[in-house]
Amino acid sequence: MKTMVRELREAMYFIGSLQYWRMAVFWTISILVSYWQLFTQTMFSWQSFNYPRCEPTGVGSSKPLCIITGATSGLGYAAAEALSREGFFVVLVGRSSSLLVKAMEEIRERNEGAHLRAFEVDLSSFQSILKFRVSLEKWLLDSEMHCSIQLLINNAGILATSLRFTSEGYDKMMGTNYIGAFSLSNLLLPLLRNSPVGSRIVNVTSFTHRSVFDVQVHERSITGNCFLNTKQYPYAQIYEYSKLCLLLFSYELHRQLHMTDKSCQVSVNAADPGVVETNIMREVPSFLSKFACLVLKLLGVCQSSEHGVSSILDAALAPQEISGEYFFGGKGRTLNSSALSQDTKLAEKLWTASCNLFEQLELACRGT
């Protein structure tokens, strides 16, 4: 009885907050806009692109190497299982060693021939990411595998409904969802470039980026500190912003790589799985999250991880020359993301601010 009363109080508190209604209204509109755009493109063949999936290419006698963050559950786990079947040697990255072991055991039960390795990494900690890069290189050398990566999927993400900080003093949601992905991509870029066959980065973003209409990009915004001058923690706004940043970063990294080197074999795509039943809503009262899933299922836009992972697989296995695309809806389909996410000047500002922050983090780690 006490548990029910507590859950009811939590639900009432959430329902009474502006952030909840932002999620309920803006996010529902955003996903419907995405599906409407997909429908019109399919019906009228207007800028409609459907890319086939290609078989991955190994390095000599070795399997192609894939790294997936947030791989212990949900979309990350579904992607790890699917890509192990496609012939990848999959490296699972997660925060919990016990969950990593469990995930590997379950994947091997379903696919006896799966080649797997796990690393415990906290994506909200730059030091943990740096340690992972060193451990990964050592493992590659010790295992006599080619010192390269063919696929990196930045999937890890959280929806935190209360204020928490990273070890560096940044907002934990921005630290995990964006700064962690940016840092990991930059630290592993030499290994991606070192691949004798085409390599790729896939950033898992969200339709919620469409709910951002005006934004400033500077160091205080990407660390989340500029959002913290309000009485209530603006978790919905920070989540949307983190996903917009990830999309801007995807497009800018694509431009940076291919502007400086026309022969560059590293491609970059973004993937939006849509609304998927995962544990990302675990901090929202269970009554509200279940009700939201029910409503979205009635609208036909809520899906399981096994179906939601299709856009991630499409982005990962698209022809190698395909880069700078936003995959949504499965079946190899792409969409136009929001106009704000395609603002090149905004992307350049974000790139500069993120690189400056990255250099500061590197210097701080060298100092310790």
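Every heavy atom of this structure was used, including side-chain atoms; hydrogens, water molecules and symmetry mates were not. We count residues from 1, following the sequence as given.
For the 3.5 Å distance criterion, the side chains of Gln237 and Gln19 qualify, holding a donor opposite an acceptor. Side-chain contact of Gln127 with Glu168: a donor-acceptor pair under 3.5 Å is absent, judged by distance alone. Counted by atom type alone, Ser341 and Ser337 present one or more donor-acceptor pairs between their side chains at under 3.5 Å. In the model, Ser199 has no side-chain atom that pairs as donor or acceptor with a side-chain atom of Gln265 under 3.5 Å. Under 3.5 Å, the side chains of Thr72 and Tyr77 contain no donor-acceptor pair of N or O atoms. Checked by atom type, the side-chain pair Thr69/Asn154 shows no donor-acceptor distance below 3.5 Å. For the residue pair Ser250 and Asn203, a side-chain donor N or O sits within less than 3.5 Å of a side-chain acceptor on the partner. Side-chain contact of Tyr326 with Asp272: a donor-acceptor pair under 3.5 Å is present, judged by distance alone. Side-chain contact check for Gln150 and Ser148: at least one donor-acceptor pair (N or O, by modelled atom type) lies under 3.5 Å. Thr208 and Ser30 form no side-chain donor-acceptor contact under 3.5 Å, judged by distance and modelled atom types alone. With 3.5 Å as the limit, one finds no donor-acceptor pair spanning the side chains of Asp171 and Thr223.
Remark: Phe249 engages Phe182 in a ring-ring contact (aromatic ring centres under 6.0 Å, His included) (not counting sequence neighbours). Considering only residues two or more places apart in sequence or on other chains, His254 meets the ring-ring contact (aromatic ring centres under 6.0 Å, His included) condition with His258.
For an aromatic pair to be called close, the ring centres must be under 6.0 Å apart, and Phe328 with Tyr35 satisfies this. Tyr233 has its ring centre no less than 6.0 Å from the ring centre of Phe227. If you look at Tyr239 and His209, their ring centroids are not closer than 6.0 Å.
Within the 4.5 Å cutoff, the side chain of Leu65 has heavy atoms near those of the Met145 side chain. With a 4.5 Å cut-off on side-chain heavy atoms, Ile322 and Ser267 do not count as touching. In this structure, the side chains of Val204 and Ile153 come closer than 4.5 Å at one or more pairs of heavy atoms. In this structure, Arg133 and Leu188 have side chains that are in contact, with non-hydrogen atoms separated by less than 4.5 Å. Contact check for Leu350 versus Glu252: no side-chain heavy atoms found under the 4.5 Å cut-off. Within the 4.5 Å cutoff, no side-chain heavy atoms of Leu248 are placed close to those of Leu340.
Salt bridge status for Glu120 with Arg95: absent, with no side-chain N to carboxylate O gap under 4.0 Å. Between Glu81 and Arg85 there is a salt bridge, since a side-chain N of the basic residue sits under 4.0 Å from a carboxylate O of the acidic one.
Environment of CH2 in Trp21: sparse, with no more than 12 heavy atoms of neighbouring residues, nucleotides or ligands closer than 6.0 Å. Within a 6.0 Å radius of NZ in Lys131, other residues, nucleotides and ligands contribute 12 heavy atoms or fewer.
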Side-chain donor/acceptor pairs under 3.5 Å, residues 52-60, sequence neighbours excluded:
residue	atom	partner	partner atom	Å
Arg53	NE	Asp314	OD1	2.7
Arg53	NH2	Ser310	O	3.2
Arg53	NH2	Asp314	OD1	3.0

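Hydrophobic cluster of Leu18: no remaining members, since no ILVMFWY side chain lies below 4.5 Å from it.
Here side chain to side chain donor-acceptor pair (under 3.5 Å) pairs that include residues 344-356, with residues two or more places apart or in two chains, are Tyr178-Ser354. Among residue pairs with one or both ends in residues 182-210, none qualify as salt bridge (charged side-chain N to carboxylate O under 4.0 Å, His left out); sequence neighbours excluded.
Leu191 is connected to Trp139 through a chain of hydrophobic side-chain contacts under 4.5 Å among Ile, Leu, Val, Met, Phe, Trp and Tyr, so both are in one cluster.
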